[in-house]
Amino acid sequence: MSHRQLVTWEGRGETIEMQPGNQEALDTLLARAGTQAQQRFAALLTERAAVEHDERAEELLRIDPRSAKHPVDGKIMVLVEEGIYLSGVEKTPIWVDAFRIDVYPTTNADYERFVRATGHRPPKHWPGGRYPEDLFDHPVVWVTWDDASAYAAWAGKALPTSQQWEKAARGPKGRRYPWGDDPTAAKCNVLESEIGRTTPVSRYQSGVSPYGAFDMCGNTWEWCSTMTEPGRYELKGSAFTSPFARSAPSLSNDANATMSDNDTGFRCISSLSEPRS
């Protein structure tokens with residue numbers, strides 16, 4: 001491969017109509033690339049398919065049996081295999097059946113489709129009942145547990161249990177953080193980031209979990225289906241308003257089901273028996 005080819009591909013990007021020989025060269029490079037480069041490529045595909053609904057990227061994703069596009073809300077989901085994972089601070093072995101989980105938290109754009117389809121009340125920060133355009137790929141916030149459950153029911157999904165959520169975040173070997181055991185605040189949107197608001201759900205590429213899930217630390221707290229006491233449910237993941245010390249997926253928080261705030265959202269799971277596209 002020549003330097004001229006590289007400069008051309010980097011400069012023109014998606015506008016290039018690839019010739020068979022060039023496409024074969026790129027495919028060969030990807031096949032011979034290291035695991036990190038291949039994972040980065042997969043993450044970029046997932047980001048594009050989820051945010052832009054790009055058909056070519058979605059077709060490539062379907063080659064990976066772990067990824068699936070949900071037939072109702074169109075979100076990309078990833079498989080979390082059945083088996084034991086190490087749970088909590090003490091890393092207690094817990095069995096969890098297989099399930100799929102949304103790669104990204106539910107965004108404002110996702111939630112708007114639900115609002116339009118059902119007439120459900122929009123979040124309070126949407127002017128005129130529509131999300132601000134610059135927040136289309138940010139996680140939806142100002143949603144109660146009942147709001148999150150209503151979205152899940154509409155999509156034919158469910159909110160994750162706290163154990164499902166934790167396994168998807170830490171992997172089977174009980175990583176301290178989604179990316180590993182090193183406490184690196186730069187891999188997520190937390191109080192120390194000094195951003196002071198939500199960020200796009202695909203921003204933190206280096207903070208992805210072993211199963212490919214984004215934003216399992218920081219950005220927004222996420223509702224779970226696990227009840228801590230009557231009327232209260234677990235929250236996982238921490239948020240941009242929380243210190244990094246609270247972001248470890250092994251830690252828990254909870255809130256009244258009627259609570260809504262600017263730092264609380266959700267994502268969904270589905271069982272393997274549900275249809276996939």
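None of the values given here were measured: they were computed from a predicted structure.
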### Task
Evaluate side chain to side chain donor-acceptor pair (under 3.5 Å) for T107 paired with D110, printing each intermediate quantity in order.
CA-CA 5 Å; T107 65; D110 298 326; 2.9 Å; yes
I'd like to know if [Y] and [X] are part of one continuous hydrophobic network [Ile/Leu/Val/Met/Phe/Trp/Tyr, side-chain heavy atoms within less than 4.5 Å].
X: Y204; Y: L135; answer: no
X: W142; Y: F136; answer: no
X: W179; Y: V80; answer: no
X: L235; Y: V141; answer: no
X: V140; Y: Y233; answer: yes

With no hydrogens and no angle check, just 3.5 Å: does a side-chain donor-acceptor pair link [X] and [Y]?
X: Q163; Y: Y85; result: no
X: E166; Y: S87; result: yes
X: W126; Y: N108; result: yes
X: D147; Y: H120; result: yes
X: D182; Y: T184; result: no
X: S149; Y: Y151; result: no
X: E234; Y: T228; result: no

### Query
Does the gap between the ring centers of Y211 and F99 come in under 6.0 Å?
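Not under 6.0 Å, so no.
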### Task
Decide side-chain contact (heavy atoms from CB on, under 4.5 Å) for K167 and E81; before the verdict, give the C-alpha distance in whole Å, the side-chain angles of both, and the deciding distance to 0.1 Å.
CA-CA 10 Å; K167 182 175 181 179; E81 296 91 348; 5.5 Å; no
Side-chain donor or acceptor of [X] paired with backbone N/O of [Y] under 3.5 Å:
X: S193; Y: C188; result: yes
X: N219; Y: T199; result: yes
X: E112; Y: A109; result: no
X: S238; Y: S242; result: no
X: K75; Y: P105; result: yes
X: T264; Y: W221; result: no
X: W223; Y: K236; result: no
X: Q205; Y: S202; result: yes
X: K187; Y: V208; result: no
X: T144; Y: M259; result: no

Mind checking whether [X] and [Y] have side chains closer than 4.5 Å, heavy atoms only?
X: R113; Y: V115; answer: no
X: F240; Y: I195; answer: no
X: F214; Y: S209; answer: no
X: L272; Y: D97; answer: no
X: T220; Y: T198; answer: yes
X: P200; Y: H138; answer: yes
X: D73; Y: F114; answer: no
X: P160; Y: S225; answer: no

Tell me the closest heavy-atom pair linking [X] and [Y], and the distance in Å.
X: G212; Y: V103; result: O-CG1, 3.4 Å
X: A245; Y: L251; result: O-CD1, 3.4 Å
X: M216; Y: W165; result: O-CH2, 2.9 Å
X: A213; Y: A168; result: CB-O, 4.5 Å

#### Entry: Stepwise side-chain contact (heavy atoms from CB on, under 4.5 Å) check, E82 with W95
CA-CA 7 Å; E82 68 176 9; W95 176 274; 3.9 Å; yes
### Message
For a side-chain contact (heavy atoms from CB on, under 4.5 Å) check, start with the C-alpha distance between S260 and W145, then their side-chain angles and the critical distance, and finish with the verdict.
### Response
CA-CA 8 Å; S260 68; W145 185 87; over 6 Å; no
### Query
Can you list the steps and then say if S67 with M77 is a side-chain contact (heavy atoms from CB on, under 4.5 Å)?
CA-CA 6 Å; S67 299; M77 308 188 78; over 6 Å; no
Distance check, rounded to the nearest 0.5 Å: [X] atom [atom1] versus [Y] atom [atom2]?
X: D254; Y: R232; atom1: CG; atom2: CZ; answer: 4.0 Å
X: Y104; Y: R267; atom1: OH; atom2: CZ; answer: 10.0 Å
X: C217; Y: R176; atom1: SG; atom2: CZ; answer: 10.5 Å
X: T258; Y: D146; atom1: OG1; atom2: CG; answer: 8.0 Å
X: R197; Y: D263; atom1: CZ; atom2: CG; answer: 14.0 Å
X: I76; Y: K69; atom1: CD1; atom2: NZ; answer: 6.5 Å

### Message
Between the side chains of K157 and D102, is the shortest nitrogen-to-carboxylate-oxygen separation below 4.0 Å, so that they form an ion pair?
### Response
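Salt bridge: yes.
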#### Entry: N-O pairing of R175 and D181 below 4.0 Å
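Salt bridge between R175 and D181, a charged N being under 4.0 Å from a carboxylate O: no.
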### Task
Evaluate ring-ring contact (aromatic ring centres under 6.0 Å, His included) for F244 paired with Y177, printing each intermediate quantity in order.
CA-CA 11 Å; F244 181 70; Y177 302 101; 5.1 Å; yes
